[in-house]
Protein chains: 2
Amino acid sequence: MTSTDSSGVRPTRQRRAVAAALEDFDDFRSAQEIHEALKAAGDNVGLSTVYRALQAMADAGELDMLRSEAGEAVYRRCSGSHHHHLVCRVCGATVEVEGPTVERWTRAVAAEHGYADVSHTLEIFGTCARCHRG
Amino acid sequence: MTSTDSSGVRPTRQRRAVAAALEDFDDFRSAQEIHEALKAAGDNVGLSTVYRALQAMADAGELDMLRSEAGEAVYRRCSGSHHHHLVCRVCGATVEVEGPTVERWTRAVAAEHGYADVSHTLEIFGTCARCHRG
DNA sequence: ATTCCGAATGAGAATCATTGTCAAGTCAGC
DNA sequence: GCTGACTTGACAATGATTCTCATTCGGAAT
Ligand SMILES: [Zn+2]
Ligand SMILES: [Zn+2]
Ligand SMILES: [Zn+2]
Ligand SMILES: [Zn+2]
């Protein structure tokens with residue numbers, strides 16, 4: 001029954017720290033950034049451990065991971081349901097978006113070409129209202 | 001104006017070799033793979049040069065670049081117009097797909113949230129007919 | 001509480017793609 | 001044949017991520 005774990009990651013001081021750090025951010029962050037943030041907060045966690053924790057959580061579906069335009073893996077605590085992201089290229093401000101339309105479309109396209117076990121990645125980048133001047 | 005270059009990349013032996021190698025592939029390939037292929041064909045080109053050529057061509061819009069699930073940059077010679085890809089997770093078989101629907105959708109979503117200068121990435125992964133058994 | 005064992009940690013080395021450096025090479029036009 | 005701007009490529013350097021492995025931890029059972 002349960003409490004904090006459910007079926008995901010086993011709670012240790014470090015993993016809890018990483019999870020907590022993610023709650024403090026609203027945008028996508030890299031492993032290194034999380035590591036920094038923890039260190040700054042006096043909450044020391046080894047870099048390897050941060051990497052492992054993030055991957056484990058992402059595998060458990062507790063986090064969303066995507067690659068920044070520079071190719072680095074960045075993570076974010078998101079809602080449980082399937083969605084995509086609208087990300088500000090400048091400040092990182094992120095909005096979760098859902099689109100039954102695209103979901104349907106990707107499925108249709110895949111089927112049409114005989115592809116099975118379909119998955120997809122879709123991210124939208126732009127500059128948010130605050131950043132693109134006003 | 002103009003012959004083979006127009007505004008893109010200046011033709012040298014090496015760059016022509018890289019371009020030619022890409023014609024021989026139908027799927028996305030990494031810089032290292034191109035480099036290998038060239039070496040195998042006796043057409044020696046320095047690795048740095050391959051990287052530079054690929055980036056230049058991608059910048060010039062002559063190539064499509066995306067990140068494999070492992071995060072490496074992979075390139076492919078594609079049609080000029082805007083499109084996305086349906087990629088076989090197993091063999092790499094790639095199909096270019098277009099979807100006015102999604103284009104419209106991303107634009108609408110971005111506008112709705114006040115984001116400007118919008119761009120997007122969308123790739124569909126699956127196993128092609130030949131690969132997912134038969 | 002104490003014991004026990006597999007899972008988790010972390011310091012540091014090892015990988016690996018990508019980028020930087022810079023001396024030598026290429027080529028066009030003078 | 002000389003000059004200068006652009007290219008090349010061997011090699012070093014970077015930087016993110018992964019691996020190693022001795023040590024520590026958590027927590028279930030005693
Ligand atoms: Zn998300
Ligand atoms: Zn912004
Ligand atoms: Zn393409
Ligand atoms: Zn296939």
[X] [atom1] - [N] [atom2] separation (whole Å):
X: B:R29; N: C:dA17; atom1: CZ; atom2: C1'; answer: 17 Å
X: A:H35; N: D:dA16; atom1: NE2; atom2: C1'; answer: 14 Å
X: A:I34; N: D:dA16; atom1: CD1; atom2: P; answer: 14 Å
X: B:R67; N: D:dT17; atom1: CZ; atom2: P; answer: 11 Å
X: A:Y75; N: D:dA16; atom1: OH; atom2: P; answer: 13 Å
X: B:D59; N: C:dT19; atom1: CG; atom2: P; answer: 11 Å
X: A:L47; N: C:dA8; atom1: CG; atom2: C1'; answer: 16 Å
X: A:L54; N: C:dG10; atom1: CG; atom2: C1'; answer: 16 Å

TODO: Have a look at A:D64 and tell me which of A:R77, A:H84, A:H83 forms a side-chain hydrogen bond (donor to acceptor under 3.5 Å, both in side chains) with it.
DONE: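 Option passing the side-chain hydrogen bond (donor to acceptor under 3.5 Å, both in side chains) with A:D64: A:H83.
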Can you identify which nucleotide, out of [options], has its nearest atom closest to the [X] side chain?
X: B:R15; options: D:dA16, C:dA8, D:dT8; value: D:dT8
X: A:Y51; options: D:dA16, C:dT19, D:dT7; value: D:dA16
X: B:Q55; options: D:dT7, C:dT19, D:dT17; value: C:dT19
X: B:S48; options: C:dT18, C:dT9, D:dC11; value: D:dC11

Would you say a side-chain N or O of [X] is under 4.0 Å from OP1 or OP2 of [N]?
X: B:Q32; N: C:dC16; answer: no
X: B:T12; N: D:dT8; answer: yes
X: A:R13; N: C:dA8; answer: no
X: B:T49; N: D:dG9; answer: yes

TODO: Kindly indicate whether the side chain of B:R52 and the base of C:dG20 share any N or O donor-acceptor pair separated by less than 3.5 Å?
DONE: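 In this structure, the two groups form no donor-acceptor pair.
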Open item on the list: Side chains of B:R89 and A:S119 only: does a donor on one sit below 3.5 Å from an acceptor on the other?
Closed with: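 Indeed, the side chains of B:R89 and A:S119 share at least one donor-acceptor pair under 3.5 Å.
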Task: Polar side chain donor-acceptor pair, A:R104 to B:T101, under 3.5 angstrom - done: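 The criterion, which ignores hydrogens and geometry beyond distance, is not satisfied for B:T101 and A:R104.
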TODO: Report yes if some heavy atom in the side chain of B:L22 is under 4.5 Å from a heavy atom in the side chain of B:L54; otherwise report no.
DONE: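 Yes - at least one pair of side-chain heavy atoms lies under 4.5 Å apart.
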Task: Verify same cluster id: A:V102, B:F125 (apolar side-chain graph, 4.5 Å) - done: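 Shared cluster, no.
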